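First the structure, in the form of structure tokens, and then the observations on it.
Everything numeric here is computed off the predicted structure, so don't read it as measured data. In what follows, every chain begins at residue 1, and chains take the letters A, B, ... in the order their sequences are listed.
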Amino acid sequence: MRTHTEQTEQTEQTETTLHTPVIAWFEANARDLPWRRPEAGAWGVMVSEFMLQQTPVSRVLPVYEQWVARWPRPADLAAEAPGEAVRAWGRLGYPRRALRLHGAAQAIRDRHNGDVPSEHAQLLALPGIGEYTAAAVASFAYGQRHAVLDTNVRRVFARTVTGVEYPPNATTAAERRLARSLLPEDRTRAAEWAAASMELGALVCTARSPECGRCPVAAHCAWKLAGKPAHEGPPRRGQTYAGTDRQVRGKLLAVLREAVAPVTQQALDAVWDEPVQRARALDGLVSDGLVEPMADGLYRLPLT
DNA sequence: CAACCGTGGAT
DNA sequence: TATCCAAGGTT
């Protein structure tokens with residue numbers, strides 16, 4: 001059990017060595033991203049968070065602008081056919097996110113009077129929102145105090161605090177505990193810290209080639225102080241893509257996205273020559289709700 | 001908890 | 001050319 005004095009000293013130490021320099025760096029170096037502007041609102045923040053799940057900022061930007069212009073409120077998206085969300089998703093990847101965002105918009109309309117909820121638990125209950133996204137929306141859109149633990153923050157903590165090059169493959173309880181312990185007490189300060197620590201990982205403390213010369217906390221970084229030891233343990237997950245069901249699904253869905261009318265089986269068959277895998281991929285798309293088979297043997301993006 | 005789920009730019 | 005990796009979530 002820690003004494004009150006020890007707790008206070010730890011907090012003040014963190015404030016001096018981490019929070020202040022990182023937040024000051026953020027204020028001088030933050031990107032001017034559209035979802036960070038006040039007019040974005042909670043819905044803009046939420047849309048951006050869905051799109052940014054495993055997709056780089058540069059590819060999200062144009063699609064984000066189209067989405068919020070076309071569907072400025074959750075109810076606007078909720079009123080659309082889900083297939084329209086899938087179509088407008090374009091080539092962002094992982095199109096189930098589009099379906100889930102559409103489902104989340106409907107839930108917001110039905111359960112929250114059309115307003116993006118501010119409570120973490122209510123956000124978490126929406127489709128497509130997990131621990132990270134719930135914390136991100138609550139923090140960025142509503143200024144709440146939550147540990148926002150994404151891949152950037154995990155890497156920053158791994159290096160500056162733990163002294164290793166990369167975080168574990170899957171998020172651990174120890175990482176969550178660490179993130180909570182480093183969270184400033186003050187709500188506003190906590191929200192600033194969340195955005196700032198994430199941005200530091202995105203711009204400076206990057207996975208491939210960190211620019212420690214630009215890092216505001218390089219002097220305190222445990223990894224740098226240890227001489228930047230190379231990563232130990234199992235190699236990072238290497239995911240092959242060519243020849244997988246995912247690639248086939250992507251090709252099939254691309255045909256549906258670009259078609260204005262329902263598509264024939266023949267048109268879908270043209271994208272992949274191996275019939276068993278092709279059928280399996282199409283079945284998967286249908287069971288995921290991304291593709292709707294029609295009674296006459298045609299296929300289209302889902303209307304309901 | 002490991003596997004699955006897209007896509008494209010950088011190295 | 002092959003690999004890495006990008007604001008994760010769901011099963």
How is [X] classified with respect to the nucleic acid when contacts are heavy atoms under 4.0 Å: base, sugar-phosphate, or nothing?
X	value
A/Arg208	base
A/Trp35	base
A/Leu253	nothing
A/Gly130	sugar-phosphate
A/Arg155	sugar-phosphate
A/Ala207	sugar-phosphate
A/Leu33	base

For atom [atom1] of [X] and atom [atom2] of [N], their distance in whole Å:
X	N	atom1	atom2	result
A/Arg154	C/dC5	CZ	C1'	14 Å
A/Glu175	C/dG8	CD	P	13 Å
A/Gln54	B/dA3	CD	C1'	14 Å
A/Arg91	B/dG9	CZ	P	10 Å
A/Leu99	B/dC5	CG	P	15 Å
A/Tyr132	C/dT10	OH	P	14 Å
A/Leu61	C/dA7	CG	P	13 Å
A/Leu92	C/dA6	CG	C1'	12 Å

- Which is it for A/Leu124 and A/Thr133 under the side chain to side chain contact (heavy atoms under 4.5 Å, CB included) test, yes or no, and what are the steps along the way? CA-CA 8 Å; A/Leu124 197 56; A/Thr133 303; over 6 Å; no
Taking only N and O in the side chain of [X], is any of them less than 4.0 Å away from OP1 or OP2 of [N]?
X	N	answer
A/Tyr94	C/dG8	no
A/Arg59	C/dA7	no
A/Arg249	B/dG6	yes
A/Thr244	B/dC4	no
A/Gln53	C/dA7	no

- Task: Any chance you could lay out the salt bridge (charged side-chain N to carboxylate O under 4.0 Å, His left out) test for A/Arg73 and A/Asp115, step after step, and finish with the verdict?
- Result: CA-CA 8 Å; A/Arg73 296 162 304 182; A/Asp115 294 319; over 6 Å; no
- Please measure how far the C1' atom in C/dC5 lies from the corresponding atom in B/dG6, and state the result in whole Å. 13 Å
- Message: Please report the distance separating the C1' of B/dA2 from the corresponding atom of C/dA7, rounded so that it comes out in whole Å.
- Response: 23 Å
- Do A/Trp223 and A/Glu165 have side-chain atoms, one donor and one acceptor, less than 3.5 Å apart? no
- Item | base_contact_polar (B/dG6 base, A/Arg246 side chain, donor-acceptor, <3.5 Å) | yes
- Message: Check this for me: does the side-chain of A/Arg96 come within 3.5 Å of the base of C/dT10 through a donor and an acceptor?
- Response: no
- Ionic contact status for A/Glu131 with A/Arg176, cut-off 4.0 Å: no
- In plain terms, say whether A/Asp76 and A/Arg70 are close enough for a salt bridge, that is, a side-chain N and a carboxylate O under 4.0 Å apart. no
- Item | Nucleotide nearest A/Arg257 when distance is taken to its side chain, options B/dG6, B/dT7, C/dA7 | B/dT7
- Message: Please report whether the ring centroid of A/Trp89 lies less than 6.0 Å from that of A/Trp67.
- Response: yes
- Task: Check the angle between the aromatic planes of A/Trp35 and A/Tyr64 and answer parallel, tilted or perpendicular using the 30° and 60° thresholds.
- Result: perpendicular
- Mapping A/Ser209 and A/Gln247 onto DNA chain B by nearest heavy atom, which one lands closer to the 5' end? A/Gln247
- Find which nucleotide of DNA chain C each of A/Leu124 and A/Thr55 is nearest to by heavy atoms, and output the residue with the more 5' nucleotide. A/Thr55
